[in-house]
Student: 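One structure coming up, written as structure tokens, with questions to follow.
Chain letters run A, B, ... following the sequence lines, proteins first and then strands; every chain starts at 1.
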There are 2 protein chains.
Amino acid sequence: MSRRDEVIDAAERILEAEGFEALTMRRLGAELSMRAPSLYKHVAGKPEVEAALQERALRGIGAALAAAGPTLGDLAAAYRAWSLAHPRLYELSTRRPLQRDCLASGVEAAAAAPLLAAVGGDQAAARALWGLAHGLVDLELAGRFPPDADLSAAWSAAVHAFGGG
Amino acid sequence: MSRRDEVIDAAERILEAEGFEALTMRRLGAELSMRAPSLYKHVAGKPEVEAALQERALRGIGAALAAAGPTLGDLAAAYRAWSLAHPRLYELSTRRPLQRDCLASGVEAAAAAPLLAAVGGDQAAARALWGLAHGLVDLELAGRFPPDADLSAAWSAAVHAFGGG
DNA sequence: ACCTGAACACCGTTCAAGT
DNA sequence: ACCTGAACACCGTTCAAGT
């Protein structure tokens with residue numbers, strides 16, 4: 001494993017274990033037993049670290065969707081489960097623009113493919129479905145639903161609206 | 001207008017005009033011709049400023065939805081239009097937990113009421129609808145859709161799925 | 001009551017210097 | 001090739017001091 005990969009691994013650990021605010025270059029250096037300036041021999045800067053984490057999130061959620069069952073309900077459950085299992089990584093990957101030039105080709109399309117297939121290849125419907133899944137996850141992660149909200153019921157209503165069981 | 005309200009006004013101006021990263025206590029003080037430490041005589045700290053901006057966003061989007069036509073398509077268009085007109089305020093208000101104890105009572109419910117009415121009072125359906133609108137807006141604001149994506153088509157598909165015209 | 005300068009413990013990043 | 005300490009221009013916040 002390259003030293004760069006170790007940096008990204010450490011960043012992911014810190015992000016999920018301690019939150020976004022804890023992911024500083026000094027903290028990241030300490031995790032690898034070096035000083036912050038040394039990190040710049042392995043990555044260009046913090047934006048590159050974040051872009052690499054975005055790519056990991058895209059691969060992770062893509063793999064989770066590809067492994068899910070074929071129904072809309074299965075896909076929705078897989079999307080929600082992955083996001084709740086990697087909440088900070090999910091937020092990091094969706095709340096800023098994709099650095100598409102830093103992204104291995106095909107990763108973005110691969111992540112979207114299972115949703116697209118589930119709606120028969122209709123791009124507009126796939127984007128609506130993505131918006132729905134993302135919106136419900138994002139509001140849940142942000143703590144924007146009332147504490148007593150029945151989110152399972154909301155997901156059921158969502159899947160039902162899109163013609164799922 | 002109280003000095004506190006002037007602080008929140010200035011914060012909103014800076015946020016929308018220069019972005020989230022520009023909203024610092026030093027920049028905010030300069031906008032009001034004072035030093036950053038003086039702000040602490042009017043607000044408890046930056047979190048209070050952000051909570052006040054969250055409340056403004058909630059009132060703004062609630063008013064926009066209340067003024068919109070009755071159909072799902074009208075509501076969706078109003079939601080998207082308000083968000084795109086106040087993108088940083090929208091993001092600030094949805095990406096962190098609501099400080100409900102800092103919020104005037106009824107504001108959260110008032111913002112949700114038009115969506116709830118549009119689905120006949122069904123809470124689960126209203127939350128699914130909110131998730132859908134939020135997800136599409138959030139991904140658009142974050143620059144996560146491909147540059148050539150037809151978002152009008154996605155919104156149409158979304159409204160159609162929920163039984164709207 | 002309101003504002004100030006100085007200070008504290010942080011940031012990301014650069015750079016000359018060491019091995 | 002890899003790491004370091006010192007430094008720069010920033011943060012949010014506290015506090016004693018001024019009017």
Student: Which atoms form the tightest heavy-atom contact between A:Arg127 and B:Asp150, and what is the distance?
Tutor: NH1-N, 3.8 Å
Student: Check this one for me: any side-chain N or O of A:Arg3 less than 4.0 Å away from OP1 or OP2 of D:dC2?
Tutor: no
Student: Tell me whether the OP1 or OP2 atom of C:dC3 has a side-chain N or O from B:His42 closer than 4.0 Å.
Tutor: yes
Student: Please list all pairs passing the side-chain hydrogen bond (donor to acceptor under 3.5 Å, both in side chains) test where one or both residues lie in residues 54-66 of chain A, with sequence neighbours left out.
Tutor: A:Asp9-A:Arg56, A:Glu12-A:Arg56, A:Glu55-A:Arg59
Student: Kindly say whether B:Arg95 contributes a backbone atom to a donor-acceptor pair with the side chain of A:Arg95 at under 3.5 angstrom?
Tutor: yes
Student: Produce a footprint string for nucleotides 9-19 of chain D: one letter per nucleotide, 5' end first; B if the base is under 4.0 Å from any protein heavy atom, S if only the sugar-phosphate is, - if neither.
Tutor: --BBBBB----
Student: Under 3.5 Å, sequence neighbours excluded: what are the donor-acceptor pairs made by side chains of residues 154-161 of chain A?
Tutor:
unit_1   : atom_1 : unit_2   : atom_2 : d
A:Ser156 : OG     : A:Ser152 : O      : 3.1

Student: Output the pairing pattern of DNA chain D as a dot-bracket string, 5' first, Watson-Crick or G-U wobble with both distances under 3.5 Å, | for cross-strand pairs, [ ] for crossing pairs.
Tutor: ||.|||||...|||||.||
Student: Between B:Glu140 and B:Arg80, does at least one N-O distance fall below 4.0 Å, as a salt bridge requires?
Tutor: yes
Student: Let me know the distance between CE of B:Met34 and P of C:dC2, rounded to the nearest Å.
Tutor: 9 Å
Student: Which atom pairs, one a donor and one an acceptor, fall under 3.5 Å between side chains of residues 105-116 of chain B and the rest of the protein, sequence neighbours left out?
Tutor:
unit_1   : atom_1 : unit_2   : atom_2 : d
B:Glu108 : OE1    : B:Arg100 : NE     : 3.0
B:Glu108 : OE2    : B:Arg100 : NE     : 3.3
B:Glu108 : OE2    : B:Arg100 : NH2    : 3.0

Student: My understanding is that only residues two or more places apart in sequence, or in another chain, count here; which of them pass side chain to side chain donor-acceptor pair (under 3.5 Å) with A:Thr71?
Tutor: A:Asp74
Student: Identify the residue among B:Trp82, B:Tyr90, B:Tyr79 that makes a ring-ring contact (aromatic ring centres under 6.0 Å, His included) with B:His134.
Tutor: B:Tyr90
